[in-house]
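Contents: one structure, followed by commentary.
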Amino acid sequence: MQTYSFEYFPPKNEKGEQTLAETRRQLVPLGPAYCSVTFGAGGSTREGTEETVLTVQREDGVPAAPHISCLGTDEADLRQLLDTYRDAGIERVVLLRGDKPLQDTGTSQGTFNYANELVEFVRREYGDRFHIEIGCYPEFHPEAASASDDLEAFKRKAEAGADAAITQYFFNSDAYFRFVESVRAMGVELPIVPGVMPVTNYKQLARFSDICGAEIPRWLRWRLQEKADDPSWIMEYGVDFITEFCQRLLDGGAPGLHFYTLNKAEATKRIWQNLDLPAADGATSEARKAG
Ligand code: FAD
């Protein structure tokens, strides 16, 4: 089964709340399988994540999936959080190590050092109550000592009890196909869903990519850089490029797509409609386009 989903981040202020509400209004009719909500670096938006997840779950008729990170989360916090989610009917969680905040917020390390320990804990304590998603890196995690160390770490995390993985964004389909091939050769069979970053703002994309190690190919960087101050050109070029890129991934066997919406609807919605992706609940194409 293919899984098509969206990712939001918790809004930081009232304007952000309005933007996210409008984005949800536009994206929900497309019929995603679930919408996930990020956990701020070092736990900085833990309350925001909880609030946003519970709102999406309650109001949108779409399953919501909180991200939970090791950083800043100790065992007692984690139990409380998972109990709250369980009681609210949440069925899916995205478990990560988390990124340290860029500025020191005094966040504690937490009980767990790596995501595999978090996966192990949730599986042990909550059995099959949650569907567990983990992160992975077709271009390898920037802190990994080597490609094979990173593949071994991924295998360990998958075998700790994950159901599926979502990739960091990337713009090179070969990196994804090779990564999948490598982990299959290691006996890891879980679905690996590409994380897709719509291209709408070159400066922001370049900044994110420098931090997370996702490569913007030279030819793409040059095209975008030249038009960095022309948002409508970037939008058209980005929608066209990412639509083709996603089609290549799906044609090559990708088991779905997870869109990093950055709380904006337009690019994700147009890519989804260009690809004519199916709604999770089987709604007709016409009903989906009505949104
Ligand atoms: P891990 O799997 O723990 O790996 C981290 C690094 O440690 C890797 O280099 C790995 O090779 C290495 N490693 C793993 N195990 C060991 C070990 N036992 N010994 C030595 N090295 C080891 N960040 C947030 O803060 N909030 C979010 O909401 C968020 N959402 C994300 C969603 C997705 C789909 C993805 C792909 C990433 C997300 N991130 C988020 C970013 C993520 O937290 C960072 O990339 C983080 O640096 C790594 O997280 P991980 O879960 O992949 O870590």
Side-chain angles (χ1 to χ4, degrees), residues 3 5-12 34-50 52-53 64-73 81 85 92-103 105 107-122 131-170 175-176 179 182-183 186 188 190-197 208-214 254 256-263:
T3 303
S5 51
F6 299 138
E7 183 172 304
Y8 307 135
F9 63 83
K12 293 184 183 70
Y34 68 93
C35 295
S36 80
V37 181
T38 62
F39 195 92
S44 57
T45 62
R46 183 190 147 158
E47 286 77 23
T49 303
E50 198 175 320
T52 307
V53 162
H67 295 207
I68 301 175
S69 86
C70 302
L71 282 174
T73 308
L81 197 57
Y85 289 143
R92 186 185 298 255
V93 288
V94 184
L95 302 183
L96 303 142
R97 185 196 65 180
D99 273 330
K100 294 193 178 84
L102 293 176
Q103 284 157 350
T105 56
T107 308
S108 69
Q109 168 66 43
T111 306
F112 309 97
N113 293 308
Y114 295 104
N116 67 299
E117 297 167 28
L118 188 56
V119 174
E120 213 172 277
F121 173 84
V122 175
H131 174 103
I132 298 179
E133 304 276 347
I134 52 175
C136 65
Y137 305 82
E139 296 175 319
F140 302 107
H141 187 264
E143 289 166 38
S146 67
S148 42
D149 281 342
D150 207 30
L151 288 166
E152 284 298 339
F154 178 68
K155 178 176 157 75
R156 202 164 38 240
K157 184 163 64 168
E159 290 178 348
D163 293 295
I166 305 167
T167 74
Q168 179 59 277
Y169 71 86
F170 57 95
Y176 170 79
F179 180 82
S182 303
V183 302
M186 296 167 82
V188 177
L190 49 64
I192 297 175
V193 173
V196 175
M197 181 66 89
F208 286 170
S209 303
D210 286 345
I211 296 169
C212 74
L257 300 168
H258 179 75
F259 290 93
Y260 295 114
T261 69
L262 302 182
N263 292 4

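Order of appearance sets the numbers: ligands from 1, and atoms from 1 within every ligand. Side-chain atoms are counted along with the backbone in the values below, which use heavy atoms only and exclude waters and symmetry mates.
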List in chain and number order the residues that pass side-chain contact (heavy atoms from CB on, under 4.5 Å) with P138, two or more places apart in sequence or in another chain; answer none if no residue qualifies.
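P138: side-chain contact (heavy atoms from CB on, under 4.5 Å) contacts with T167, F170, A175, F179.
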Check whether any N or O atom of [X], backbone or side chain, sits under 3.5 Å from an N or O atom of ligand 1, and answer yes or no.
X    : result
S69  : no
G40  : no
D99  : yes
Q168 : no
H67  : yes
T167 : no
Y260 : no
V94  : no
F39  : yes
E7   : no

Is E152 close enough to touch ligand 1? Criterion: a residue heavy atom under 4.0 Å from a ligand atom.
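No, E152 has no heavy atom closer than 4.0 Å to ligand 1.
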Looking at N116 and A153, would you say the former's side chain and the latter's main chain have a donor-acceptor pair under 3.5 Å?
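A pair under 3.5 Å: no.
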Tell me every residue that passes ring-ring contact (aromatic ring centres under 6.0 Å, His included) with H67, counting only those two or more places apart in sequence or in another chain.
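So H67 forms no ring-ring contact (aromatic ring centres under 6.0 Å, His included) with any residue.
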Let me confirm one number: the CZ-CD1 distance from F154 to I134, rounded to the nearest 0.5 Å.
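Going from the CZ atom of F154 to the CD1 atom of I134 covers 4.5 Å.
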